[in-house]
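One structure below.
On a predicted model such as this, the values are computed, not experimentally measured, just so you know. Computation of the quantities below employed the complete heavy-atom set of this structure, encompassing side-chain atoms and omitting hydrogens, waters and symmetry-equivalent molecules.
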Amino acid sequence: MSLAAPPRTRRRTRRTRALAVGAALLIAGAVATTGGSAVASPGAEASAGAGERSTSREAAALTGTAKLYRSGDDITFTFDAHLAAENTDDPSKATGTFRFSHYLNGEGATAEVEVDCLVTGGRVAVVSGVITETDLEGAKGERVGVTVHDLGRKDRLGYSWASTGSPADQGPLPKCVSSAPFESVKAGTGDFRVLPWEPKL
């Protein structure tokens, strides 16, 4: 089954269904580490919408959890990714985890990812990491990337395996690479928060 594969891809084959399972991994992991909810960093809340700088502000962050808008599918993504202030010039020093899961008719999978890169600009974030735990065959050890567009109640999301249907089939991926945020978040299921990166250019 594919992890959050596009609707058209999902309907074509069993392989697509397997990919959908991968998306569920993120949510399961996040719930386990945050006690059932994703917690936004203080810096993200303080700067949301204002874009203000402070001496304690972290360089960038992507937090939150939400389900994708899909009829019949249960797809959840959860993020807790951060780039410390002292690492402003090196996005590859980002830390944290993200999880995703995708289930359809009781079948699917989940995955937990260790963050290895985070770049944000305005309300858009691209995060990548290596899958450390998953029940999707062939996906463990693969790097995946996710893009989030923080639009309040209408957040959007994209992922690096959009064109292949599964993280197990996408092949080698560089850090901080993903697709356009073509998926929509299901209303009332959660919220993603992006803390803008402000590198010294």
Distance from [X] atom [atom1] to [Y] atom [atom2], nearest 0.5 Å?
| X | Y | atom1 | atom2 | answer |
| --- | --- | --- | --- | --- |
| E142 | D169 | CD | CG | 9.0 Å |
| L195 | L62 | CG | CG | 10.0 Å |
| N87 | T95 | CG | OG1 | 8.5 Å |
| D191 | T63 | CG | OG1 | 8.5 Å |
| D155 | R193 | CG | CZ | 10.0 Å |

Subject >> Contact summary for T88 and E198, nearest pair of heavy atoms >> reply: CG2-O, 4.1 Å
Original post:
Where is the tightest heavy-atom contact between P196 and T120, given as atom of each residue plus distance?
Top reply: C-OG1, 3.3 Å
**OP:** Report yes or no: do F182 and V144 belong to one cluster of Ile/Leu/Val/Met/Phe/Trp/Tyr joined by side chain heavy-atom distances under 4.5 Å?
**Re:** yes
Original post:
In terms of hydrophobic clustering (I, L, V, M, F, W, Y; side-chain heavy atoms under 4.5 Å; direct or indirect links), are I131 and V126 co-clustered?
Top reply: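 Different clusters: I131 never reaches V126 through Ile, Leu, Val, Met, Phe, Trp or Tyr contacts under 4.5 Å.
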Original post:
What's in the same ILVMFWY side-chain cluster as V124, cut-off under 4.5 Å, chained through other members?
Top reply: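 Members alongside V124: none; it stands by itself.
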For [Y], does its backbone N or O pair with a side-chain atom of [X] as donor and acceptor, under 3.5 Å?
| X | Y | value |
| --- | --- | --- |
| T97 | E114 | no |
| W161 | A168 | no |
| R156 | S184 | no |

Subject >> Electrostatic pair E86:K93 at N-O distance under 4.0 angstrom >> reply: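 So E86 does not pair with K93 through a salt bridge.
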Original post:
So does R143 pair up with D116, basic N to acidic O under 4.0 Å?
Top reply: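 So R143 pairs with D116 through a salt bridge.
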Original post:
With K67, which of T76, D73, T189 fulfils side-chain hydrogen bond (donor to acceptor under 3.5 Å, both in side chains)?
Top reply: T76
Subject >> Note, V119 side chain near P91 side chain (heavy atom, < 4.5 Å) >> reply: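 Counting from C-beta outward, V119 and P91 do come under 4.5 Å.
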**OP:** Apply ring-ring contact (aromatic ring centres under 6.0 Å, His included) to the pair F77 and F98, showing each step before the final yes or no.
**Re:** CA-CA 7 Å; F77 280 80; F98 64 93; 7.8 Å; no
**OP:** Could you pull out all residues at least two apart from S160 that satisfy side-chain hydrogen bond (donor to acceptor under 3.5 Å, both in side chains)?
**Re:**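 Result, side-chain hydrogen bond (donor to acceptor under 3.5 Å, both in side chains) vs S160: Q170.
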**OP:** For side chain to side chain contact (heavy atoms under 4.5 Å, CB included), just list the numbers for W197 and L83, CA-CA rounded to whole Å, side-chain angles, deciding distance to a tenth of an Å, and then say yes or no.
**Re:** CA-CA 9 Å; W197 183 39; L83 181 64; 3.9 Å; yes
Under 3.5 Å donor-acceptor pairs involving side-chain atoms of residues 145-152, not counting sequence neighbours:
unit_1, atom_1, unit_2, atom_2, d
T147, OG1, S178, OG, 3.1
T147, OG1, S179, O, 2.7
D150, OD1, G152, N, 3.3
D150, OD2, V194, N, 3.2

